[in-house]
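Everything on this sheet refers to the single structure shown next.
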Amino acid sequence: MLEFVVIHCPYCGEGFETQVDLSAGSQSYVEDCAVCCKPIEIALRVGDEGELLEVSTRTDRE
């Protein structure tokens, strides 16, 4: 199940829309910022029903 969410880059602070795949359950992965191109660690928390509970972002230095 794919869903679009808006995230904010922890480096430049800009928000941008990205697509997340909820079918794999809770997960973490790296995606480059659409604005400044720096790597963002994105963590998804997915509920038992497949619903998106939380999206968090951080730098690769944290």
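If you read the sequence from its start, that first residue is 1, and numbering goes on from there. The structure displayed is predicted, hence computed values, not measured ones.
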Original post:
With distance as the sole test, does Q27 use its side chain to make a donor-acceptor pair with the main-chain N or O of R45 at under 3.5 Å?
Top reply: no
**OP:** For residues F4 and T18, determine if any side-chain heavy atom of one lies less than 4.5 Å from a side-chain heavy atom of the other.
**Re:** no
Subject >> Co-members of the apolar cluster containing M1 [side chain, <4.5 Å] >> reply: V5, I7, F16, V20, L22, Y29, I40, I42, L44, V46, L52, V55
**OP:** Starting at OG1 of T59, measure out to CD of E41 and round the result to the nearest 0.5 Å.
**Re:** 7.5 Å
Original post:
CD of E14 to SG of C33: how many Å apart, nearest 0.5 Å?
Top reply: 8.0 Å
Original post:
Atom CD of E3 and atom OG of S23: how far apart are they, to the nearest 0.5 Å?
Top reply: 12.0 Å
Original post:
What distance separates Q19 CD from E31 CD, expressed to the nearest 0.5 Å?
Top reply: 10.0 Å
Original post:
Quick one: side chain to side chain contact (heavy atoms under 4.5 Å, CB included) partners of A43, sequence neighbours excluded?
Top reply: S28, S56
**OP:** List the atom of R58, the atom of P10, and the distance in Å for their closest heavy-atom pair.
**Re:** C-CG, 3.6 Å
**OP:** Ignoring hydrogens and angles, tell me if any N or O in the side chain of E49 forms a donor-acceptor pair with the backbone of G47 under 3.5 Å.
**Re:** no
Original post:
Roughly how far apart are C12 SG and K38 NZ, rounded to 0.5 Å?
Top reply: 8.5 Å
Subject >> Minimum heavy-atom distance V30-P39, with the two atoms named >> reply: CG1-CB, 3.7 Å
